[in-house]
Amino acid sequence: MARRAAAATPPPPGDHPPRGHRSGKGGGGGQTKMRVLAWVSIGMTSVMVAGALTAYTAYRDAFGNINEKSVKEDILNPRPPDTGALNVLLVGSDTRAGEGNAKYGQQLARTADAGGKRTDTIILMHISPDRDKARLISFPRDSMVQIPRCKNEATKQEMAPRRDMINSAYNSGGIACTMTTIEQLTGIRVNHFVEVDFSGFKNIVDALGGIEICLKSGVNDKASKLVLPPGKSLLNGEKALGYVRLRHYGDGSDIQRIKRQQIFLSKVVAKATSSELLTDVGRLREFIAAAAGSVTMDPELANDTEQLIQIATSAREMTANGVQFTTVPWVPDPKDTNRVIWKEPDATELFTAIKTDTEEAKPTPTASASAKPKVTVKPEQVKVQVLNGTKTPGRAAEVADMLAKQGFNVVGVGNYEAPDGQSLAKTAVHYAKPTDMATAGADTLAGSVLPKPAAEQGKVAAIGAQAYAATAGVAATATTAKSTPVTQLVIGEDFDSVKVTKLPDSVQNSTITASEQKNVCT
């Protein structure tokens with residue numbers, strides 16, 4: 001299958017003056033419009049990757065216009081391990097190159113080199129290892145972060161690490177620099193990337209048959225050339241373009257506008273994954289053709305038919321119920337209120353949830369139908385004593401807090417001294433007697449730790465044992481349900497993390513689920 005190779009372009013000039021992240025007032029008109037267009041185009045690409053590829057084998061020719069770009073050799077930093085999940089970095093490029101792009105960025109085009117590109121949109125699409133759930137994580141473009149050392153995509157020169165806005169990784173380094181920045185900040189392996197421009201936005205919406213929205217009040221906005229009544233409206237491509245560019249509506253804030261965009265995108269996902277589209281040969285071909293010409297992928301994704309078919313198969317089962325849209329929780333940057341920093345530890349817990357989303361081992365069927373069913377217990381039923389087997393002070397309390405946040409009934413902390421006096425190499429779980437509840441508690445605890453430790457009968461001696469006192473922001477767990485005997489978790493040097501299944505309120509509040517947005521009016 002023939003594809004065009006993506007041509008490298010010189011990096012654009014420096015970023016424009018700051019714009020407030022909360023207020024909708026002030027400058028940035030043309031560039032803001034392009035930022036919104038890039039954001040929604042990213043959503044269209046995510047739909048194409050996770051949804052329309054269901055027909056990849058049948059519509060192979062329609063993907064012939066996908067651009068390819070190899071960037072593996074440009075990634076300079078060590079990469080996180082693969083967990084079996086599929087993580088695709090989606091970047092909206094507001095390049096002026098190509099037919100139809102320049103007219104949507106005339107203001108920015110006057111201040112940047114022709115054909116240059118920048119991004120204000122970075123989204124990580126995470127598809128679970130068993131391919132039945134998806135979460136799209138949006139990184140606010142005003143996030144102040146540590147950019148690692150990178151290689152410039154065009155010049156191949158190495159750039160020193162620095163603190164800067166997250167989108168500067170792409171603006172000055174390209175997609176490889178963006179990938180390594182996300183990996184270094186989150187610890188999440190980025191398996192593939194997709195770059196998208198917004199020239200085909202209107203065609204994509206039209207290929208879907210339009211998107212229905214609901215407005216609490218009418219719109220008559222000259223800037224976006226949009227006139228809509230209160231209530232429901234079916235937007236064709238042209239009107240959808242005006243809607244996603246809309247700023248002077250509601251309270252005019254960026255936060256409300258971003259939420260409006262997420263709801264719009266959730267409706268796109270719901271429609272693109274509906275049987276109405278996937279079973280309509282003509283419309284699906286039109287949709288794929290409209291999206292394919294506006295994207296660039298790494299060759300490993302574009303040419304891996306087996307993986308594309310795997311995504312395709314899972315997409316048939318991934319209904320809109322399983323698609324969530326999350327913005328990384330943030331707070332204003334104390335150094336500059338026009339910028340933001342990520343709220344901690346909430347952001348780290350979100351990233352840990354992605355890193356620890358691994359395939360669960362399937363239970364081995366018993367040979368005898370009369371065999372006694374295996375006892376299972378919930379985390380809150382498991383009493384845990386956490387012991388530090390390493391030479392790193394405070395490790396027991398740190399891990400105890402992790403377990404408590406995930407619902408485990410942590411009752412004590414302490415230290416463990418190995419017979420040779422050295423740090424314990426591997427984490428282990430210990431229980432006293434091989435009763436059903438004891439072994440079940442050990443299994444539940446071991447299954448929540450990465451890498452998964454071995455469960456062994458026989459307690460170990462604790463040094464300096466004391467009751468667990470939760471740190472600020474961590475609630476100790478109490479349960480009236482039948483509890484297991486105390487199980488010991490002895491931390492070794494190989495300990496990586498506790499699986500995160502319970503996300504903090506700030507993450508939940510910044511998440512929307514596609515299926516819940518059907519009748520939402522903004």
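Values in this document were obtained by computation on a predicted structure and should not be read as measured data.
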Look at the side chain of [X] and the backbone N and O of [Y], then say whether any donor-acceptor pair between them is shorter than 3.5 Å.
X: Q184; Y: P78; result: yes
X: T444; Y: K378; result: no
X: R149; Y: L76; result: yes
X: K405; Y: P504; result: no
X: T180; Y: C177; result: no

Has [X] got more than 12 heavy atoms of other residues, nucleotides or ligands less than 6.0 Å from its [atom1]?
X: K391; atom1: NZ; answer: yes
X: K335; atom1: NZ; answer: no
X: E344; atom1: CD; answer: yes

Of all heavy-atom pairs between [X] and [Y], which one has the smallest distance, and what is that distance?
X: N191; Y: D298; value: O-OD2, 4.5 Å
X: E153; Y: G174; value: OE1-CA, 3.6 Å
X: G394; Y: N388; value: N-ND2, 4.4 Å
X: S172; Y: N152; value: O-ND2, 2.6 Å
X: I175; Y: V91; value: CD1-CG2, 3.5 Å
X: T439; Y: Y431; value: CG2-CE1, 3.7 Å

Could you tell me if the side chain of [Y] sits less than 4.5 Å from the side chain of [X], heavy atoms only?
X: L350; Y: R135; answer: yes
X: P334; Y: I341; answer: yes
X: V411; Y: Y468; answer: no
X: P161; Y: Q146; answer: yes
X: Y416; Y: H430; answer: no
X: Q381; Y: N409; answer: no
X: V429; Y: L489; answer: yes
X: I122; Y: Y170; answer: no

Quiz question: by atom type and distance under 3.5 Å, do the side chains of S143 and W342 form a donor-acceptor pair?
yes
Working to the nearest 0.5 Å, report the span between [atom1] of [X] and [atom2] of [Y].
X: Q422; Y: E493; atom1: CD; atom2: CD; result: 10.0 Å
X: F139; Y: T326; atom1: CZ; atom2: OG1; result: 10.5 Å
X: L424; Y: D494; atom1: CG; atom2: CG; result: 8.0 Å
X: N77; Y: M179; atom1: CG; atom2: CE; result: 12.0 Å
X: T487; Y: M437; atom1: OG1; atom2: CE; result: 9.5 Å
X: F351; Y: I137; atom1: CZ; atom2: CD1; result: 6.5 Å

Would you check, one step at a time, whether the test side chain to side chain contact (heavy atoms under 4.5 Å, CB included) holds for R339 with R141?
CA-CA 9 Å; R339 302 292 184 237; R141 55 92 59 196; 4.2 Å; yes
Contacts of R189 meeting side-chain hydrogen bond (donor to acceptor under 3.5 Å, both in side chains) (sequence neighbours excluded), chain-then-number -> none
For K151, the salt bridge (charged side-chain N to carboxylate O under 4.0 Å, His left out) test, sequence neighbours excluded, returns D74
CA sep, side-chain torsions, deciding dist, call: R163, D336, salt bridge (Lys or Arg N to Asp or Glu O under 4.0 Å)
CA-CA 13 Å; R163 186 176 187 269; D336 181 354; over 6 Å; no
Under the criterion side chain to side chain contact (heavy atoms under 4.5 Å, CB included), I'd like the reasoning laid out for V194 against V88: C-alpha separation, chi angles, the key distance, then a yes or no.
CA-CA 7 Å; V194 177; V88 182; 3.8 Å; yes
Apply side chain to side chain contact (heavy atoms under 4.5 Å, CB included) to D357 and H126, showing your working.
CA-CA 10 Å; D357 184 7; H126 169 75; 2.7 Å; yes
Considering only residues two or more places apart or on different chains, which pairs with a residue in residues 177-188 satisfy salt bridge (Lys or Arg N to Asp or Glu O under 4.0 Å)?
R79-E183
Apply side chain to side chain contact (heavy atoms under 4.5 Å, CB included) to residues I182 and I188 and explain how you reach the verdict.
CA-CA 7 Å; I182 294 298; I188 299 169; 5.7 Å; no
